[in-house]
Amino acid sequence: MTLTAMTLTVDALNQHYGSSHILRNVSFAMAERQCLAVLGRNGAGKTTLLRCLMGLLPASSGSIRYGMVELAGLPPHRRIRTGLGYVPQGREIFTNLTVRQNVEIAARATGAARSDVDAAFEEVVALFPVLGEMRNRRGGDLSGGQQQQLSIARALATRPSLLILDEPTEGIQPSIVQRIEEVIASLKQRIAILLVEQYLDFARSISDRYVVLSRGAVIESGASAEMDHDRIKSFVSV
Amino acid sequence: MSERPRHRPPPWRQLAHALLALAALLAAPARADESYGRDAVVRHLCEAKSEPMAQAIGALLTAVAAGREEAAWGARIVAALDGKRLLCAPAGPRLLRDGAVLRDPVTGREAVAPDRLPNAPFVNLRTRAWVEVATAALALFAEPGGAAASAQVAVLEKQYAIVPETALAALVERQPAPDLRDRLLLVRALQSLEAPSADARVSAIATIAGDPTARNRTLLAALAARPDYAADPAVRAALDTAMAHIDTWLRVGEVGAVLFSGLSYASILFMAALGLAVIFGLMGVINLAQGELIMIGAYATWLVQEALRALAPALLDWYLLLAVPVAFAAAAAVGMAMEATVIRHLYRRPLMTLLATWAISLFLVNLVQVLFGTQNLEFVTPAFLAGGTRVVADFMVTWNRLFAIAFAVGILALALLVLHRTPLGLFVRAVTENRDMAECVGVSTRRIDLLSFGVGSGLAGLAGLALTPIYNVNPTMGTNFIVDSFLVVVLGGVGNLAGTLIAALGIGQINIVIEPLYGAVAAKVIVLLMIILFIQFRPEGIFSVKGRR
Ligand SMILES: Nc1ncnc2c1ncn2[C@@H]1O[C@H](COP(=O)(O)OP(=O)(O)OP(=O)(O)O)[C@@H](O)[C@H]1O
Ligand SMILES: [Mg+2]
């Protein structure tokens with residue numbers, strides 16, 4: 001794989017929480033507009049990896065390059081400006097802001113003019129119609145599923161070229177899961193997606209490549225089409 | 001009289017007006033003085049003794065009131081007497097010195113100087129009262145709605161006992177301003193207190209009760225102690241009702257005054273606490289130097305005043321308004337410097353920040369002491385903030401306190417606008433709630449921190465500006481406010497405008513109410529205890545944010 005404009009390259013990433021070594025020499029790469037699934041058991045270090053990518057946690061060593069930019073050491077908002085978008089585990093929308101403001105702040109912070117905010121909001125409403133109906137509700141008053149949709153919408157409003165999602169379907173009813181999966185599928189080919197996902201079937205169907213994390217180390221990776229379902233399942237489930 | 005729209009006076013006043021108008025109607029013809037002449041007036045004035053003076057001025061004012069004499073001539077003579085320019089020989093010509101020439105006081109024609117100039121009569125303390133009354137009354141006759149009319153009426157109020165009755169009736173008649181008219185009527189009522197008839201006394205007492213001031217209360221109490229007053233049961237009863245009435249209104253006035261000064265204190269607290277609450281909500285930093293930022297705002301205001309005094313004295317009266325951007329900018333600059341050099345490096349170490357901001361506050365106090373000295377600063381009270389208006393009884397709404405209140409209301413509106421209508425406000429609210437995620441949607445939280453610290457500090461500076469017309473300004477003034485400001489933040493809940501407002505109102509009022517009862521220190525202790533109790537029951541402050549997190 002060549003280092004073209006928008007490729008993510010993670011090289012020998014290590015992370016410690018105090019004395020416990022969480023990420024061990026994690027290396028992988030993903031090409032432009034590719035979809036990468038990160039699989040692993042609870043506690044394998046998936047969220048930690050994503051937080052390191054976003055700059056929310058400092059890595060102990062290793063490098064994270066996005067395109068030509070070395071991300072290590074940059075604060076999260078600078079990484080957002082290079083094209084990363086982040087949907088955290090547990091949604092973490094701004095509960096005190098309205099639905100619209102949750103989207104607006106993302107658009108505004110990444111340089112959208114006042115006049116572009118409406119367009120940005122209508123764009124995410126087209127993906128998640130429920131957000132249009134709820135536009136003036138406090139984020140905190142939304143249901144879990146609605147919050148998850150808002151969280152994805154908010155990340156999209158930063159206009160990412162690489163969307164990072166941490167278990168977007170966790171704890172959500174099937175009909176909304178389906179909507180979220182459709183949206184993610186529709187984003188594929190347009191932007192790169194790094195997806196942490198417990199539903200193995202969905203992960204396999206949507207991703208181009210996968211990596212499996214276990215105890216903070218990459219133990220398996222490959223093209224999703226060639227994934228050995230049972231073998232991977234034994235790595236992922238308890 | 002012209003039909004200008006006027007406020008409707010309370011019923012007791014209307015009744016009093018009617019009675020007095022009737023009395024004036026009955027009294028007027030009887031007092032017509034046929035034997036008036038300028039010559040007699042000048043002769044009596046020359047004697048400069050109480051009795052003839054009273055007669056002369058009484059006659060003069062009556063003549064002016066009846067249109068038989070010009071107010072201007074009277075004013076000229078009285079002014080000459082006051083200025084020792086009326087020269088009186090015991091016998092022979094009386095002269096009026098007009099600059100270099102001498103004139104006949106009666107005709108105003110130029111007169112030849114005699115060999116020896118006669119002396120000017122000496123106006124003593126008792127006769128001076130007559131001169132004052134005459135000057136004021138003549139000026140009011142000449143120009144009832146003049147610029148100094150209120151001050152002239154005040155002279156009559158002070159000397160009510162010697163104002164000639166007919167003149168007073170005419171002055172009431174001709175006064176266009178309702179408030180001045182009411183005051184003149186009151187002067188009449190004060191006179192009628194000595195009227196021989198019980199009815200006149202009773203109605204005068206009722207009129208006086210219509211103006212419930214401490215001064216009138218003392219006056220009525222003095223009357224009640226007099227045997228001739230106590231004798232007549234009707235008058236006695238009227239006095240008792242009147243005093244009870246005045247007492248009630250005096251109490252209302254006192255309560256109003258306490259609430260008002262509490263409100264103005266609350267306004268200052270609110271401005272100081274708003275900055276604190278924003279900073280604490282956003283960064284979890286307790287800025288112990290907030291009080292000193294108030295002080296810096298006050299000193300910046302003083303510097304603007306001094307600069308104007310030196311460079312543009314014509315604008316001196318407007319220094320408070322011109323200082324608004326300066327006080328804000330000065331405090332904001334100091335705050336931002338604090339954030340960038342010290343506080344930024346101590347995030348997530350609350351104790352260290354606390355100590356660091358405390359150190360900064362000590363440093364600022366000492367710096368200002370070295371630069372400006374420890375004494376209180378002198379502030380000019382701008383003309384538009386001097387005085388106030390009487391609302392009820394002795395309760396004055398003073399413009400300087402009203403200014404602080406209006407200023408705080410303006411700040412509140414502005415804060416609401418910024419917080420809810422601008423991108424900065426949106427960012428601040430988001431960072432306050434979830435710093436990490438704000439970063440992850442692209443908000444530079446460092447920039448927001450710096451800006452908010454600047455704005456929060458600037459608000460403290462504005463509080464400093466608003467308090468200069470009310471409180472003392474010196475290097476250690478900040479400590480007086482910091483504790484209460486903190487209590488406001490704790491009580492109001494973090495990063496909560498409505499809570500901050502309510503808490504400021506509450507703490508401001510409680511302080512002002514308790515202080516006169518138990519002293520300033522006890523007031524602080526009591527407020528503190530109340531808050532500790534309150535926090536036991538509602539640790540999240542007055543308003544908690546409802547809904548899911
Ligand atoms: N703040 C922290 N301090 C110390 N250890 C932590 C912290 N956060 C996570 N860990 C540890 O790091 C390891 C990896 O956690 P992480 O949240 O990355 O797992 P995960 O793969 O995302 O799991 P899940 O599927 O449950 O979300 C776990 O063992 C966890 O206990
Ligand atoms: Mg996780």
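Here is the naming used below: chain letters follow the sequence lines, and residue numbers restart at 1 for every chain. Values reported hereafter were calculated over all heavy atoms of this structure, with side chains retained and with hydrogens, waters and symmetry mates removed.
- Summarising the geometry, atom SG belonging to Cys440(B) is positioned 4.0 Å from atom CG belonging to Leu56(A); distances are rounded to the nearest 0.5 Å.
- Looking at His77(A) and Arg446(B), their side chains never come closer than 4.5 Å, going by heavy atoms from C-beta outward.
- Residues Arg429(B) and Phe94(A) form no side-chain contact, since every pair of their non-hydrogen atoms from C-beta on lies 4.5 Å or further apart.
- In this structure the side chain of Asp436(B) never reaches within 4.5 angstrom of the side chain of Pro76(A), judged on heavy atoms.
- No other option in Met54(A), Arg79(A), Arg78(A), Arg154(A) has as many heavy-atom pairs under 4.5 Å with chain B as Arg154(A).
- In this structure, no portion of Leu84(A) lies under 4.5 Å from any heavy atom of chain B.
- Between Ile105(A) and Val443(B), the closest side-chain pair of non-hydrogen atoms falls below 4.5 Å.
- The two residues Ala109(A) and Val441(B) make their nearest non-hydrogen contact at CB-O, 3.5 Å.
- A distance of 6.5 Å separates OG of Ser444(B) from CZ of Arg81(A), quoted to the nearest 0.5 Å.
- Side chain of Glu433(B) to backbone of Thr95(A): a donor-acceptor contact under 3.5 angstrom is found.
- Among all heavy-atom pairs drawn from Arg421(B) and Arg114(A), the shortest one is O-NH2, 3.7 Å.
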